[in-house]
Peer 1: 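Below: one structure in structure tokens.
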Amino acid sequence: MAAPDPARLSLNTATIREKWGLAQAIEGCARHGIRGIAPWRDQLAAMGVKDAVRSIKSNGLTVSGLCRGGFFTAKDWMDDNRRAIEEAHALGAQCLVLVVGGLIPGSKDLPGSRERVKEGIAAILPEARKAGVPLAIEPLHPMQAAERACVNTLEQALDICDALGEGIGVAVDVYHLWWDPKLEQQIRRAGNKRVLAYHISDWLVPTRDLLNDRGMMGDGVIELPRIRGWVEGAGYTGFHEVEIFSELNWWQRDPDEVLQICKSRFATIT
Ligand code: ZN
């Protein structure tokens with residue numbers, strides 16, 4: 001399999017967030033020839049949206065996604081999602097990533113929580129369409145169903161997309177989805193129209209922390225070239241976004257070293 005196009009590499013700033021703010025991340029990407037960036041909204045707020053837009057533009061970067069909207073089962077979700085759509089629009093983001101939220105607080109009703117998520121997305125979708133911001137549902141690993149996202153497979157996410165129509169798709173994150181026996185079939189079902197983002201990292205054995213011990217591509221057990229083949233086979237030509245939460249390893253390192261390794265692993269492993 002041919003190596004991926006280096007111009008398709010994007011940095012999710014979570015990967016270096018302990019040492020770099022957004023301004024440094026933008027400059028770091030430019031310095032390393034990484035063409036895509038996916039900022040988080042807390043860092044965006046710290047830098048200021050206007051300054052971020054100016055810097056991203058002047059450094060010639062593309063925003064592969066804004067992290068994140070969602071949490072439809074929490075209080076005050078509506079205003080927060082409206083702001084997220086405005087910010088994604090200002091950045092010209094290719095999508096707004098939705099981490100949809102877990103169980104309704106105090107409830108054990110998983111199907112009801114999923115229904116609430118669908119209603120929440122339906123409520124913000126008209127504004128997202130008007131702003132030209134595609135919404136990307138990111139299914140999270142089922143271990144996070146209670147607290148962070150009750151949508152856990154690509155199939156569930158695509159069922160919501162099909163119910164809601166245009167302007168919505170999915171973020172395919174290998175860390176969350178690699179185990180799913182229906183992954184290939186559902187990526188094919190999604191096709192180019194619904195795959196809005198592709199997130200890469202690796203699953204370490206053993207995993208020491210289920211949230212913050214993701215691996216660098218090549219250090220774990222995910223068969224990355226196979227999944228990339230499925231995603232590209234579906235017609236996806238967008239960015240491959242490196243997203244590594246790693247309290248014990250990568251967050252401790254010099255971000256310039258991390259970006260260098262991301263680039264070389266992207267070229268040789270993924
Ligand atoms: Zn992700």
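These numbers come from the heavy atoms of this one structure, side chains and all, not from hydrogens, waters or symmetry mates. Just so you know, ligand 1 is whichever comes first in the structure, and atom 1 is the first atom listed for that ligand. Throughout, numbering of the chain's residues begins at 1 and tracks the sequence.
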Peer 1: Can you list the residues that meet the salt bridge (Lys or Arg N to Asp or Glu O under 4.0 Å) rule with Glu127, with sequence neighbours excluded?
Peer 2: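 Glu127: salt bridge (Lys or Arg N to Asp or Glu O under 4.0 Å) contacts with Arg82.
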Peer 1: For Trp20, which residues count as a ring pair (Phe, Tyr, Trp, His ring centres under 6.0 Å) partner, sequence neighbours excluded?
Peer 2: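 Ring pair (Phe, Tyr, Trp, His ring centres under 6.0 Å) list for Trp20, sorted by chain: empty.
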Peer 1: Show the numbers, then the answer: is there a side-chain hydrogen bond (donor to acceptor under 3.5 Å, both in side chains) between Arg17 and Asn12?
Peer 2: CA-CA 9 Å; Arg17 75 174 188 198; Asn12 185 301; over 6 Å; no
Peer 1: Hey, which protein N/O/S atoms does the Zn ion (ligand 1) have under 2.8 Å?
Peer 2: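 Under 2.8 Å from the Zn ion (ligand 1) - ignoring waters, which are not counted - the protein N, O or S atoms are Glu138 OE2, Asp173 OD2, His199 ND1, Glu243 OE1.
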Peer 1: Ignoring hydrogens and angles, write down the donor-acceptor pairs under 3.5 Å from the side chains of residues 229-239, residues two or more places apart or on other chains.
Peer 2:
unit_1: Trp230; atom_1: NE1; unit_2: Glu184; atom_2: OE2; d: 3.4
unit_1: Glu232; atom_1: OE1; unit_2: Arg228; atom_2: NH1; d: 3.2
unit_1: Glu232; atom_1: OE2; unit_2: Arg228; atom_2: NH1; d: 3.2
unit_1: Tyr236; atom_1: OH; unit_2: Phe239; atom_2: N; d: 3.1
unit_1: Tyr236; atom_1: OH; unit_2: Phe239; atom_2: O; d: 2.6

Peer 1: Just wondering, do His176 and Gln144 contact through their side chains at under 4.5 Å, heavy atoms?
Peer 2: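 The answer is yes, as the side chains (C-beta and beyond) meet within the 4.5 Å cut-off.
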Peer 1: What do the steps show when you test His32 against Asp256 for side-chain hydrogen bond (donor to acceptor under 3.5 Å, both in side chains), and what is the final call?
Peer 2: CA-CA 8 Å; His32 287 271; Asp256 276 302; 2.7 Å; yes
